[in-house]
Amino acid sequence: QPLLAITKTVPQEGYLLGDTVPFTVTVKNNGTFTAKNVVVTDKLPAELKPVDGQALTFTVGDLAPNESKTFTVSAKATAKGKFCNGATVAASNSKGGSAEACVTIRQPGLNVLKTGTKEQIIGKTADYKITVQNTGDVDLTNVVVMDTAPSATKVVSATNGGAISGNSISWTIAKLAAGASSDVGVTLQSITAGTLCNDVTATSGALSSKSQACTNWIGRGAILLEVVDEPDAILVGDSTVYTISVKNQGSINITDISITGVLSDELDATAASDGGSVSGKNVTFPKFGPLAPGATKQLTINAKAVKAGGGELKIELRSSLNDGKPVRETESTNVY
């Protein structure tokens, strides 16, 4: 009588998502009589798709005693996990049989995340942290991390042995186990104001991941207030002109600039430029700005001497700098 046996094997492990898995199916007649009308049927799970529409039913025909036939079923892995592939054999004059082979499909994964200082004053330094993550279930080797700093910045330092070349920094992680992560860092400096973005790329074989961290570099604010009188000294009944100079010595625009002046008892205000309002010994100028870096604004106050003594003009300036705290300046005028 015929006696059919079927075996199914996978030649190797280590398959990744998207790989083609070759299953080998062997059917043999271990009996003493020819098996008639032998048919082998392969039953792939849904996660393993036949390649190029390959048929999964094989018509063997008659199989003599001790004769065997071998078939290869090629399937593409479309999901990760452990999947078992079964096959059956049947004949018109013999009992059939079944066999299965299981394969584990793994998926490699790589992700890089960059975080850093959101806002910094130019001239200071900003720190960035780069986290490289193995998000898959396969160990990764020779993971290359490449950081590209903006051209307007300078690389100050890099952690974990980062190799600095101009505005580029690179690291090589020899092995990153499945599920593990590794951190590296870089410190930059900028003397240019504005939002500058720092890019990083991590690669391992065909895997690649990118991330970006941006820093708003803020210019430094500084203001110079000067007051000069001309002429000085003056006689009672004569007049003098105070020239107020406001200069932006910083690297950012200054806004909401307001100036007030107060004269001592020896002097009375008679006029003010730029729409300044005069009320006795008090002068108030309308707010102005923005005042660009390096720019100067001049205002004038005309005053008349009314009493001999050490006259003076006190100026107070407030602006968007220093949380609105005042800058003060005093100019003395001798009245005879």
Side-chain angles (χ1 to χ4, degrees), residues 117-126 152 189-195 215-336:
T117 305
K118 300 282 187 185
E119 194 170 81
Q120 185 57 284
I121 297 172
I122 61 173
K124 292 191 174 185
T125 59
Q189 182 184 50
S190 175
I191 58 172
T192 302
T195 299
T215 299
N216 182 24
W217 294 91
I218 303 172
R220 295 184 290 262
I223 196 165
L224 173 66
L225 175 64
E226 293 180 319
V227 184
V228 178
D229 59 348
E230 180 62 34
D232 181 15
I234 59 175
L235 296 174
V236 174
D238 289 345
S239 295
T240 189
V241 176
Y242 294 95
T243 300
I244 305 163
S245 295
V246 181
K247 183 176 181 180
N248 185 346
Q249 294 181 307
S251 55
I252 58 173
N253 287 342
I254 302 174
T255 60
D256 297 326
I257 303 171
S258 63
I259 295 177
T260 57
V262 179
L263 288 161
S264 63
D265 291 342
E266 292 77 12
L267 301 160
D268 278 344
T270 57
S273 68
D274 295 80
S277 64
V278 175
S279 176
K281 299 182 182 298
N282 298 297
V283 178
T284 301
F285 291 95
K287 280 187 178 182
F288 64 92
L291 190 64
T296 299
K297 173 77 171 178
Q298 287 191 334
L299 307 169
T300 59
I301 296 175
N302 291 43
K304 183 177 180 179
V306 295
K307 186 172 78 171
E312 64 179 16
L313 170 64
K314 294 181 178 179
I315 295 294
E316 184 173 281
L317 180 152
R318 295 178 184 269
S319 70
S320 56
L321 298 182
N322 303 322
D323 298 323
K325 292 180 180 178
V327 177
R328 297 183 175 94
E329 184 68 16
T330 301
E331 177 67 4
S332 298
T333 303
N334 291 320
V335 180
Y336 295 93

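Both backbone and side-chain heavy atoms feed into the values below; hydrogens, waters and symmetry mates do not. Here the structure is a predicted model, which is why all the values come from computation and not from measurement.
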Distance check, rounded to the nearest 0.5 Å: Q249 atom CD versus I254 atom CD1? 9.0 Å

Test: salt bridge (Lys or Arg N to Asp or Glu O under 4.0 Å). Region: residues 323-336. Which pairs qualify, not counting sequence neighbours? E316-R328

Would you say N282 and T284 make side-chain contact, with heavy atoms under 4.5 Å? no

Within the structure provided, determine whether I259 and I315 are in side-chain contact (heavy-atom separation under 4.5 Å). yes

Check for a donor-acceptor pair, side chain of S319 on one end and backbone N or O of L321 on the other, with a separation under 3.5 Å. yes

Which heavy-atom pair separates G219 from A193 by the least distance, and what is that distance? N-CB, 4.0 Å

Can you tell if the side chain of D265 reaches within under 4.5 Å of the side chain of K307, non-hydrogen atoms only? yes

Test side chain to side chain contact (heavy atoms under 4.5 Å, CB included) on Y242 and L263 and set out the steps. CA-CA 11 Å; Y242 294 95; L263 288 161; 4.0 Å; yes

Flag, side chain of R220 to backbone of I122, donor-acceptor distance under 3.5 Å: yes

Work out which heavy atom in R318 is nearest to a heavy atom in P326; give both atom names and the distance. NH1-CD, 3.5 Å

Around atom CG of L224, are there more than 12 heavy atoms of other residues, nucleotides or ligands at under 6.0 Å? yes

If you take all heavy atoms of P293 and S251, which pair is closest and at what distance? CG-C, 3.5 Å

Quick check: does any side chain N or O of Q120 sit under 3.5 Å from a backbone N or O of T125, one acting as donor and the other as acceptor? yes

Show which side-chain atoms of residues 298-305 pair as donor or acceptor with protein atoms under 3.5 Å away, not counting sequence neighbours.
| from | atom 1 | to | atom 2 | distance (Å) |
| --- | --- | --- | --- | --- |
| Q298 | NE2 | S245 | OG | 3.1 |
| T300 | OG1 | S273 | OG | 3.4 |

State which residues pass side-chain contact (heavy atoms from CB on, under 4.5 Å) with A152; sequence neighbours excluded, sorted by chain then number. T192, L196

Pairs under 3.5 angstrom only: tabulate donor-acceptor contacts from the side chains of residues 227-234 to other protein residues two or more places apart or in another chain.
| from | atom 1 | to | atom 2 | distance (Å) |
| --- | --- | --- | --- | --- |
| D229 | OD2 | T333 | OG1 | 2.7 |
| D232 | OD1 | N334 | N | 3.0 |

Within the 4.5 Å heavy-atom criterion, are L267 and V306 side-chain neighbours or not? no

Evaluate the side-chain proximity of I223 to L317: yes if any heavy-atom separation is below 4.5 Å, no if none is. yes

Here the salt bridge (Lys or Arg N to Asp or Glu O under 4.0 Å) pairs for residues 273-293, sequence neighbours left out, are D268-K281, D274-K297

Any side-chain heavy atom of F285 within less than 4.5 Å of one from I257? no

Would the distance check show the side chain of N248 and the main-chain N or O of I252 forming a donor-acceptor pair, the cut-off being under 3.5 Å? yes

For the pair V246 and L291, evaluate side chain to side chain contact (heavy atoms under 4.5 Å, CB included) and give the outcome as yes or no after the intermediate values. CA-CA 9 Å; V246 181; L291 190 64; 4.0 Å; yes

Heavy-atom pair with the smallest gap, counting every atom of V283 and A272: CG1-CB, 3.7 Å

Reported CD-to-OH distance for the pair E266 and Y336, which is rounded to 0.5 angstrom: 12.5 Å

In chain order, what residues pass the side-chain contact (heavy atoms from CB on, under 4.5 Å) check against P290, with sequence neighbours excluded? N253, T255

